[in-house]
Amino acid sequence: MPTASTSEEALARQRCRDKAYRDGLYRRRYDPSVRAINKYVDKLRSERRVSIPYVAPTYGGVDAQLLTLMQDPGPKTDLANADGSGMICLENVDLSAARQKFFLDEAGISISEIVSWNAYPWPKPHPQTDRSDRDAAEALRGFLMLTPNLEVVILNGTVARRIWRVLKEIDPACVANISPYPTFHTSERAVNPTQRSAEYIAKVHKDLSNKYAAAARQLRRA
């Protein structure tokens, strides 16, 4: 699986290294499967006057059954950055995307079954406050209204878990029929051997693998 020590090899396989591929995704941002979601992104951008990435048309979009909820937009979701796609995409040239793709593949989950969103759709503030968390949760509620077939959410990291909890407090009915699987973020920081022990990294990998597999089993039972 991709780790900090094998990041160069993993990133070389990410398709968004190819500008033509990135441009093609961006041109298709209003494809039927993601049109409503990305129109919602436009609305949030206009209201908040902040940069928010679109959701790639390669996802299942509004028909998705599984949501992978991440933290906030990474550098490679920004068109202004080198190799930036302007999108949440499993093919982005960053290790979080490459690692998430690995765990989905390992669990046998197709990209057509899922959609991804960020707990903070915009760059998260520092520090985060009760008000900023509530704003993020309200944005997530709007997103969930567009994805009625969701059965499962994988909560990747502490921020995703917290915003899901806030939304559950605001509107319990909104999340009542979606089973949560809390786990670690797929970022490089969680598995950097210069900062983490081998035992901790093994724990992260085992939990991610188990939670993605459990989410897949629930989808197959449905």
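Quick note: residue numbers are just sequence positions, from 1.
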Mind checking side chain to side chain contact (heavy atoms under 4.5 Å, CB included) for [X] and listing every partner two or more places apart, or none if nothing turns up?
X      : result
Glu199 : Ser197
Asn210 : Lys206
Asp63  : Asn149
Phe102 : Met1, Pro2, Glu106

Under the side-chain hydrogen bond (donor to acceptor under 3.5 Å, both in side chains) rule, collect the residues that match up with [X], sequence neighbours excluded.
X      : result
Glu188 : none
Asp18  : none
Ser85  : Asn92
Tyr181 : Gln218

May I ask you to check whether Arg45 and Tyr54 show a side-chain donor-acceptor distance below 3.5 Å?
yes
Which ILVMFWY residues are connected to Leu95, directly or by a chain of links, through side-chain heavy atoms under 4.5 Å apart?
none
Arg162: salt bridge (Lys or Arg N to Asp or Glu O under 4.0 Å) partners, not counting sequence neighbours:
Asp133
Side-chain donor-acceptor pairs of residues 34-41 under 3.5 Å, sequence neighbours excluded:
| unit_1 | atom_1 | unit_2 | atom_2 | d |
| --- | --- | --- | --- | --- |
| Asn38 | OD1 | Val55 | N | 2.8 |
| Asn38 | ND2 | Arg29 | O | 2.6 |
| Asn38 | ND2 | Val55 | O | 3.0 |
| Tyr40 | OH | Ala139 | O | 2.7 |

Rounded to the nearest 0.5 Å, what separates atom OH in Tyr26 from atom SG in Cys16?
13.0 Å
Using the ring-ring contact (aromatic ring centres under 6.0 Å, His included) criterion, which residues pair with Tyr59? Sequence neighbours excluded.
none
Can you check whether Lys124's main-chain N or O pairs, donor with acceptor, with Asp72's side chain at less than 3.5 Å?
yes
